[in-house]
Amino acid sequence: TPVTGAEAALTMPAAASATGTPAVVPAAPGGKNLTVSAEGTPAAATHASGTAYNDALKLKLTAGTDGDVTITQLVVNRGGFASDSAFTGVGAFNLSTGKRHGNFVTFSDQKATIPMASNPLIVPAGKTVEVMFRTNITAAAAGQTGTYNLSVLPAGITTTATVSAPAPLMGATEALT
C-alpha cells in the first residue's frame with residue numbers, strides 16, 4: 001500500500017560533516033533542551049612540555065528557545081598514549097566572554113571532572129555558547145612523546161536540560177613533545 005500522508009514530527013538524520021564529526025539532530029521543542037556538537041574543534045597540533053592554555057576540544061552548546069540552560073559540571077575524558085601525569089590540568093572557557101568556568105582540574109584514570117556549581121555556565125534561550133577545553137602540559141613532560149585527545153560524553157554534562165549530542169564529542173589527536 002502506498003504511503004499517502006506525512007508525519008511532521010519525523011526527521012531524517014543529518015549526514016556526518018566533512019570533518020567527520022557526526023551531525024546532531026536537535027531535540028524537539030517543548031522542554032529545556034541542549035544540543036551539543038564538537039563543530040569547529042581545533043585541528044591536530046603539537047603541544048610542547050611546559051605550555052599552558054593549549055586548545056584541545058571545542059563544544060558548541062545551543063539552548064532551546066523555551067528557557068536558559070544551566071550547566072553545573074562537565075566530565076572530560078582523555079584518550080591516547082600520554083599519561084595523566086603529563087598534564088597539570090584542563091579547564092573550560094566560554095569563548096564569548098573569555099571566562100573560565102570551574103577551576104583547572106587534573107586527570108585521574110584518564111578522566112577530569114570540572115565542577116562549576118558556584119560559577120555555572122549559562123546558555124541563554126535560543127542562543128549558542130562555545131566552550132573551549134584547554135590543557136596545561138607539565139614541564140616534566142619534556143622528552144616524553146605521545147598523543148592525546150579529549151572527549152565529552154553527553155552523560156558527562158550535568159545540566160537542567162535534556163542533552164542531544166553524538167557520543168562521544170571528540171577533539172583531534174594532539175601530539176606531545
Side-chain angles (χ1 to χ4, degrees), residues 14 17 19-45 47 51-80 84 87-138 148-174:
S17 70
T19 61
T21 302
V24 176
V25 178
K32 289 188 177 181
N33 295 300
L34 180 68
T35 301
V36 186
S37 77
E39 181 183 336
T41 283
H47 298 165
T51 59
Y53 302 102
N54 297 290
D55 291 348
L57 171 63
K58 180 172 137 183
L59 297 183
K60 283 188 170 185
L61 308 157
T62 303
T65 57
D66 61 341
D68 294 352
V69 172
T70 302
I71 298 168
T72 57
Q73 181 172 284
L74 293 165
V75 178
V76 183
N77 302 293
R78 184 193 57 74
D84 287 345
F87 301 88
T88 58
V90 60
F93 291 80
N94 179 331
L95 292 180
S96 299
T97 64
K99 183 177 180 180
R100 186 184 75 221
H101 290 271
N103 291 320
F104 266 89
V105 295
T106 56
F107 288 100
S108 176
D109 295 325
Q110 298 184 316
K111 191 175 286 190
T113 300
I114 304 172
M116 49 184 76
S118 63
N119 184 17
L121 178 64
I122 308 294
V123 183
K127 303 289 182 186
T128 297
V129 170
E130 296 180 337
V131 173
M132 182 67 73
F133 291 91
R134 294 182 168 140
T135 58
N136 293 344
I137 313 298
T138 179
Y148 79 97
N149 64 6
L150 299 184
S151 65
V152 173
L153 293 171
I157 303 170
T158 303
T159 178
T160 57
T162 300
V163 177
S164 173
L169 296 149
M170 188 172 292
T173 299
E174 314 294 346

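Keep in mind that what you see is a predicted model, and the values were worked out from it rather than measured.
Between Ala63 and Val69, the closest heavy-atom pair is CB-CG2, 3.7 Å. For the residue pair Ala172 and Ala44, the shortest heavy atom distance occurs at CB-N, 3.6 Å. Across Val131 and Ala92, no two heavy atoms sit closer than the pair CG1-CB, 3.9 Å. Across all their heavy atoms, Ala56 and Thr41 have their closest contact at O-CG2, 4.0 Å. Here the closest heavy-atom approach between residue Pro154 and residue Ala167 is recorded as CD-CB, 3.7 Å. Nearest heavy atoms, Pro166 versus Val36: CD-O, 3.6 Å.
The line from CG of Leu150 to CG of Asn77 is 9.0 Å long, rounded to the nearest 0.5 Å. Between the OG1 atom in Thr65 and the NZ atom in Lys127 there is a gap of 11.5 Å [rounded to 0.5 Å]. Here OG1 of Thr160 is found 8.0 Å from CD1 of Ile71. Values are rounded to the nearest 0.5 Å. A distance of 8.5 Å separates CG of Leu61 from OG1 of Thr128, quoted to the nearest 0.5 Å. Rounding to the nearest 0.5 angstrom, the gap separating the CG atom in Leu57 from the CG atom in Leu74 is 10.0 Å. Separation of atoms OG (Ser151) and CG (Leu59) is listed at 10.0 Å; rounding is to 0.5 Å.
Ring centroids of Tyr53 and Phe104 are separated by less than 6.0 Å, placing the two rings close together. Taking the centre of each ring, Phe87 and Tyr148 come in below the 6.0 Å mark.
Considering only heavy atoms from C-beta on, Thr72 stays 4.5 Å or farther from Thr159 through its side chain. Counting only heavy atoms from C-beta outward, the side chains of Leu121 and Met116 approach each other to under 4.5 Å. Taking 4.5 Å as the limit, every side-chain heavy atom of Asn136 sits out of range of all side-chain heavy atoms of Thr51. A heavy-atom distance below 4.5 Å is found between the side chains of Asp84 and Arg78. The shortest side-chain heavy-atom distance between Glu174 and Asn149 does not fall under the 4.5 Å cut-off. Contact annotation: the side chain of Gln73 approaches that of Thr113 to within less than 4.5 Å [non-hydrogen atoms, C-beta and beyond]. For the pair Asn94 and His101, the minimum side-chain heavy-atom distance is below 4.5 Å. Side-chain contact check for Leu34 versus Thr162: every heavy-atom pair is 4.5 Å or farther apart.
Sorted by first then second residue, the salt bridge (Lys or Arg N to Asp or Glu O under 4.0 Å) pairs that include residues 98-117, not counting sequence neighbours, number zero.
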Stepwise side chain to side chain contact (heavy atoms under 4.5 Å, CB included) test for Asp55 and Met132: CA-CA 7 Å; Asp55 291 348; Met132 182 67 73; 3.5 Å; yes

message: Is there a side chain to side chain contact (heavy atoms under 4.5 Å, CB included) between Val75 and Leu153? Walk through the geometry before answering.
response: CA-CA 8 Å; Val75 178; Leu153 293 171; over 6 Å; no

task: Evaluate the criterion side chain to side chain contact (heavy atoms under 4.5 Å, CB included) for residue pair His47 and Thr135; output intermediate values, then yes/no.
output: CA-CA 9 Å; His47 298 165; Thr135 58; 4.2 Å; yes

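Residues meeting the salt bridge (charged side-chain N to carboxylate O under 4.0 Å, His left out) test with Asp68, sequence neighbours left out: none.
Here the side chain of Asn33 pairs no donor or acceptor atom with the backbone of Gly64 at under 3.5 angstrom.
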